[in-house]
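These notes concern the structure reproduced below.
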Number of protein chains: 2
Amino acid sequence: MTAVQRVRLLLADDEHLIRGAMAALLALEDDLLVVAEAASGPEALAMARAHAPDVAVLDLQMPGADGVKVATSLRAELPACRVLIVTSHGRPGHLKRALGAGVRGFVPKTVSAQKLAEIIRTVHAGNRYVDPELAADAIAAGDSPLTEREAEVLELAAEGAPVAEIAERAALSQGTVRNYLSSAASKLGAENRHTAARLARERGWV
Amino acid sequence: MTAVQRVRLLLADDEHLIRGAMAALLALEDDLLVVAEAASGPEALAMARAHAPDVAVLDLQMPGADGVKVATSLRAELPACRVLIVTSHGRPGHLKRALGAGVRGFVPKTVSAQKLAEIIRTVHAGNRYVDPELAADAIAAGDSPLTEREAEVLELAAEGAPVAEIAERAALSQGTVRNYLSSAASKLGAENRHTAARLARERGWV
DNA sequence: CACTGCCCATGACAAATGTCATCCACCCGA
DNA sequence: TCGGGTGGATGACATTTGTCATGGGCAGTG
C-alpha cells in the first residue's frame, strides 16, 4: 500500500455520469479512496452514517435535500466528517449559507480533477478552501439588504403567485405584502417584484 | 491496435471537471478516442472544424452558443459528424428543437459511462438514440399551443419587464401586447404572465 | 368564394399591483 | 423613564395589468 491511511470519500451527485466519472478520476490518486456514492440528499446522509467518510463531496443541487442541508445534518451527526461542496451554478448567497453550515470547501465544477484532489486533501487536513472567483462574487454581492420579512415575502412571490396568495401563505394583510415587495424592489433597484425576485435569486438572497 | 478504426470524439462541456472526467472514462473504451475538447459553443465549433470528429458530444447549456445552435452549424459544415447532446436539465421542448437541428442522440447526464459509450457507438453507426424518459416527457408535454407572436412576447416578458417596455421592444402597441400575454396565459393555464413565462420555459416552449 | 385562423389594433372596464403617509410596538441608550 | 429609531403593519390612492368585445387585413383551404 503506497499510503498508509487513505482519505475515505463520500461522493454525492445526482448525475450518474458525473459521479461515476469523478469517482474514476479520484481513484487515480493513490491517497484517496471513494467508499460510498449517493444520488440524492437523503441517500447521501444514509451513506455517510453507514460509512463515516473522512470527507463528503456534495453537489449543491440534488433531489431531496440540497448539499447545504446535508452538510448541516452531517455537522450534527458526524462532526469529524469534513464537507466539500461542488456546484455548477455558484450563486453568491449559497456560499455564505454553506459556510454558515460548517462547510469546509466550496468549488465550482469548472475545476480540474487534479485541483479537486488537492482541495480534498486541503479540506481533510482541516483547512478551508473557497474558490477565489466565487469568493469575489460573494464579496461583490455583499450582504442582503433585505429584512427577514422582505426576503420571506419575496421568496413566496418568486413563482409568480398573486399578492392575495402570498398574503395568505405569509399570514399578512395584502397591503403589508405589497409594502414589503415594494421596498424590496426599490432596495434591489428593480421596477417590480418579479425582476426583484429574479435579482434576489441570482444573488442568493432568497 | 485493438480496433482498426476508432471513433473520433469531440467533447464539449463548460465544466472542466465533468469534461475531463468524461474524457477519462471514455478513454477506457478501446474503440473510442477523444480527439478534442471544448468549453464553450464557439470553441466547440472551432475544434470540430479543426479535427472533423466522427461524433460530437455536446452539453446543452454552454456559454456562447448552446448545444443545439452548435449542432445546427455543424450540420451545415460537417454533415458527416453525428451530434449527441448531453444535458442536466431535460426540458421537453429542447428535445424537439434538438431533433429538428439534426441531432442524432439526446441523453441526460444521469446515464452511466458504459451506457454513454454504447450510445456513442449507436449514434456513430447512423442510428438515433433518445432517452426514453425524456422522450416520454416530450410526448406528454406535447406541442406548444402558442402562436409565434405569443411566444415572442412571452419571452420578452420572462425577465419581468413592464408591458410598456415589451411593447417597445416588440414594436407593438401595449394593448396588443397585453392581448397576447393574456391569451398565452390562458392557453398555459396560468394566472398571470409571469407564471405563464415560467411554465413556457419549463416546457421548453420559449 | 366563403370560411377559418392568425395578426394587429383599439377602447373600456375590472382587478391586481405599486406607492405613500401614517401608526403601533418594541428595543436601546441617554 | 423618556425620547428616538426601527421593523412591522394598515388603508387610501394612483398606476399598471388583465379581460373582453370588436374590427380590419391577410393567407390558406375546402
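Order of the sequence lines fixes the chain letters, A, B, ..., with proteins taken first and strands second; residue numbering starts at 1 for each chain.
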Query raised in the report: Under the side chain to side chain contact (heavy atoms under 4.5 Å, CB included) criterion, do V86(B) and L60(B) qualify, and how do the steps go?
Result: CA-CA 6 Å; V86(B) 178; L60(B) 189 54; over 6 Å; no
Query raised in the report: For every nucleotide of nucleotides 21-28 of chain C, 5' to 3': is a protein heavy atom under 4.0 Å from its base (B), only from its sugar-phosphate (S), or from neither (-)?
Result: B-------
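Judged as a side chain to side chain donor-acceptor pair (under 3.5 Å), and not counting sequence neighbours, Q61(A) has no contacts. Residues that satisfy the side chain to side chain donor-acceptor pair (under 3.5 Å) test with T72(A), not counting sequence neighbours, are absent from this structure. Evaluation of the salt bridge (charged side-chain N to carboxylate O under 4.0 Å, His left out) rule for E155(A) yields no partner, not counting sequence neighbours.
Applying the 4.0 Å criterion to OP1 and OP2 of dC7(C), one finds that T147(B) has a side-chain N or O inside that range. Distances shown here put every side-chain N or O of Y180(B) at or beyond 4.0 Å from the OP1 or OP2 atom of dC6(C).
The salt bridge (charged side-chain N to carboxylate O under 4.0 Å, His left out) analysis of residues 180-193 of chain B, with sequence neighbours excluded, yields the pairs E150(B)-K187(B). Residue pairs meeting the ring pair (Phe, Tyr, Trp, His ring centres under 6.0 Å) criterion with at least one partner in residues 162-197 of chain B, sequence neighbours excluded, are H194(A)-H194(B). Sequence neighbours left out, the pairs with a member in residues 43-55 of chain B that pass salt bridge (charged side-chain N to carboxylate O under 4.0 Å, His left out) are R49(B)-E77(B). Applying the salt bridge (charged side-chain N to carboxylate O under 4.0 Å, His left out) test to residues at least two apart or on different chains, the pairs with a partner in residues 100-114 of chain A are D13(A)-K109(A), D59(A)-K109(A).
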Per-pair distances, 0.1 Å, donor-acceptor, side chain in residues 169-176 of chain A, under 3.5 Å, sequence neighbours excluded:
from: S173(A); atom 1: OG; to: G175(A); atom 2: N; distance (Å): 3.4
from: S173(A); atom 1: OG; to: T176(A); atom 2: N; distance (Å): 3.1
from: S173(A); atom 1: OG; to: T176(A); atom 2: OG1; distance (Å): 2.9

Identify every side-chain donor-acceptor pair in residues 123-130 of chain A under 3.5 Å, counting partners at least two apart or on other chains, and give the distances.
none

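DNA chain C is contacted by P162(A), V163(A), R178(A) of residues 156-178 of chain A, taking any non-hydrogen atom closer than 4.0 Å. A heavy atom lying under 4.0 Å from DNA chain D marks none of the residues of residues 184-200 of chain A.
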